[in-house]
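Below, read A as the first sequence line, B as the second, and so on, with proteins coming before strands; counting in each chain starts at 1.
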Protein chains: 2
Amino acid sequence: MRAAVMRQRALVVDDVPAPVPGHGEVLVRTLACGICGSDLHLLRHGDRFRENFAGATSFRMDPARDVVMGHEFCAEVVEHGPGTQRQLPAGRRVVSVPVTVRGGGTHSVGFSNDAPGGYGEYMVLSERLLLPVPDGIETARTALTEPLAVGWHAVARAHVEPGDVALVIGCGPIGLAVVNALRVADVHPIIAADFSARRRELAVAMGADVVLDPATTSPYASFAELSARARDGAPLPLDALTGARALRNGVFFECVGVPGVLDRMMAGARRGCRFVVVGVCMEPDRIRPALAITKELSLHFVLGYTAAEFAATLRGIADGSLRTEPLVTGRVGLDGVAGAFRELDNPEHHAKILVEPWR
Amino acid sequence: MRAAVMRQRALVVDDVPAPVPGHGEVLVRTLACGICGSDLHLLRHGDRFRENFAGATSFRMDPARDVVMGHEFCAEVVEHGPGTQRQLPAGRRVVSVPVTVRGGGTHSVGFSNDAPGGYGEYMVLSERLLLPVPDGIETARTALTEPLAVGWHAVARAHVEPGDVALVIGCGPIGLAVVNALRVADVHPIIAADFSARRRELAVAMGADVVLDPATTSPYASFAELSARARDGAPLPLDALTGARALRNGVFFECVGVPGVLDRMMAGARRGCRFVVVGVCMEPDRIRPALAITKELSLHFVLGYTAAEFAATLRGIADGSLRTEPLVTGRVGLDGVAGAFRELDNPEHHAKILVEPWR
């Protein structure tokens with residue numbers, strides 16, 4: 001099959017052997033596959049990536065061998081392997097958590113030498129993890145299930161309640177997915193911050209109530225002001241003992257993944273804030289614990305999603321509660337993958353680029 | 001009154017003006033007051049301490065003026081100020097959260113130029129925060145209410161359940177208070193680690209089921225082994241899909257407060273562990289966020305206690321559920337305070353030294 005292959009730290013288009021479905025597996029044809037920031041990381045900082053994920057046994061990557069990346073996909077059933085139930089016929093569109101189970105072990109699809117991902121024409125997936133895509137939904141929208149599930153999971157782990165005020169730092173694909181899920185969870189206001197005007201525009205499209213540019217406006221001052229108001233915008237009452245204004249609960253989402261951001265957020269937070277760290281910072285970071293201690297902050301580091309959250313995300317896309325419309329900002333064939341990786345460095349141009357191997 | 005005064009970064013015994021009770025305040029005589037690690041910090045690293053606690057408006061310390069430290073006290077009522085209810089007669093023993101309310105603002109007793117603490121003969125406290133000490137309980141035991149409340153609060157914030165396995169890193173007074181509260185919460189096993197043989201002995205006295213010396217035994221390997229067993233010691237069942245052994249939930253308590261400890265704990269933790277950070281690290285720290293992300297760790301930074309937790313701790317001391325017996329390892333008069341501060345550097349000698357100003 002044709003695939004955009006990661007080989008010797010570069011992306012090349014080549015013919016590689018098509019994967020063969022094993023026991024319980026299904027061969028599928030890739031219809032669309034999003035490019036993820038993790039893929040950019042892996043291509044550029046492969047050693048660090050492997051070191052950081054050394055504990056994830058489903059990542060089985062020998063850097064000397066080819067890897068076909070791509071884990072945000074929609075595909076269609078081609079052929080069933082041995083030991084399958086065959087309830088989804090050939091031609092049926094499916095999505096899946098990007099994992100396949102073989103012999104009691106798991107392989108991350110797109111992060112394993114032996115489980116090629118969506119930057120190739122074909123993949124093999126575990127039949128029992130397949131979710132059929134309802135008819136009438138555009139393929140491109142369902143390819144967003146995986147990245148939107150990341151935001152869904154982050155909001156689920158935050159245990160948000162309608163009285164909360166949310167601050168989202170960073171409006172790349174992850175931050176946008178968090179805003180999307182916060183809107184569905186009925187949190188208001190949702191405050192979102194990014195240096196990029198284009199990304200702030202996308203955050204508004206996803207449901208942010210307030211967007212701001214940290215270069216000119218402090219996210220933390222805005223948060224303090226807005227959290228002193230009830231959901232109807234009226235000021236909250238003063239405390240009789242201290243004279244201070246009552247405040248709504250704050251939940252901060254770190255969606256940048258760059259050293260220094262967490263410490264700045266801790267400095268800006270007020271007492272009792274809870275943080276959800278969704279951005280994947282691959283480098284060591286410096287924090288001042290006394291900031292977190294004196295404010296009794298809690299930090300929830302999250303990754304991925306559960307199978308149930310993944311399925312709920314697909315339902316949210318299908319019923320329209322999760323927004324997908326403005327997120328796909330580019331589409332390329334296999335020949336365009338390397339160029340798309342370079343394009344994604346510029347936040348003014350793109351949110352999500354889809355690879356369509358059949359193009 | 002006589003007091004051990006912090007003046008120009010040194011402790012000196014001197015005559016200072018006795019405090020005068022204001023509206024709603026009561027003058028009390030100090031019976032016993034424990035020396036806390038925070039006091040050692042303040043004496044030695046005053047600038048950093050004030051910087052870290054700059055957000056705590058109840059800390060009102062001008063370093064050019066005297067401070068009488070001491071916030072872990074038992075006292076007796078001497079005289080009621082104006083606007084008091086006078087329900088506790090003179091001579092009645094009391095404890096209190098170390099805060100007094102004046103004109104709508106709060107002063108931390110022992111951390112404020114104008115609210116002298118228990119290293120002096122007299123203090124003034126807010127009448128409505130006083131808790132009467134039940135008869136028949138030794139004064140020295142009730143002076144432990146404050147430090148034991150810190151452990152009580154940490155365990156409350158951990159939301160521990162009987163199925164959890166706890167690992168306590170560091171067995172100074174805070175770690176010992178955590179072990180004490182964990183035992184009351186019926187968590188087993190409680191694993192406690194400290195380099196000091198004396199402190200490990202105290203941890204056993206407080207209720208630790210397993211103690212170990214990190215110099216010779218990995219706390220994390222011990223945790224992994226013990227968390228694979230049910231409460232009756234039988235191995236937990238294997239998972240049918242992955243073949244891995246089911247595990248009980250882990251909760252790690254950081255009770256050291258020194259840079260580097262948090263990162264080592266994150267490296268040693270397994271997926272889904274929650275951390276409670278009770279040790280007060282005053283310096284910047286370096287962490288690898290990828291460790292926390294890939295394991296989905298949560299970190300709860302805590303400080304102090306609520307008034308309700310403080311009262312519950314006093315009840316726990318009174319009814320014997322919280323152990324106090326081995327914790328008081330020394331008693332000094334005001335002339336002995338400076339020497340006691342030096343003694344406390346050596347973990348082989350002391351847990352808690354009480355100051356008795358009337359000695």
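Listed here is the closest heavy atom pair of B:D285 and A:P289: CB-CG, 3.7 Å. The two residues A:I293 and B:L303 have their closest heavy-atom pair at O-CB, 3.4 Å.
The choice from A:G279, A:S298, A:P259 that makes the most heavy-atom pairs within less than 4.5 Å of chain B is A:S298. With chain A as partner, the option from B:A290, B:A292, B:G304 having the largest number of non-hydrogen pairs under 4.5 angstrom is B:A292.
Residues A:H153 and B:E296 form a side-chain contact, since some pair of their non-hydrogen atoms from C-beta on lies under 4.5 Å apart. Within the 4.5 Å cutoff, the side chain of B:F301 has heavy atoms near those of the A:L299 side chain.
For the atom pair NE2 (A:H300) and NE2 (B:H300), the distance works out to 4.5 Å, reported to the nearest 0.5 Å.
No more than 12 heavy atoms of other residues, nucleotides or ligands shown are found within 6.0 angstrom of CZ on B:R9.
Within the 4.5 angstrom heavy-atom criterion, only side-chain atoms of A:R157, from C-beta onward, approach chain B.
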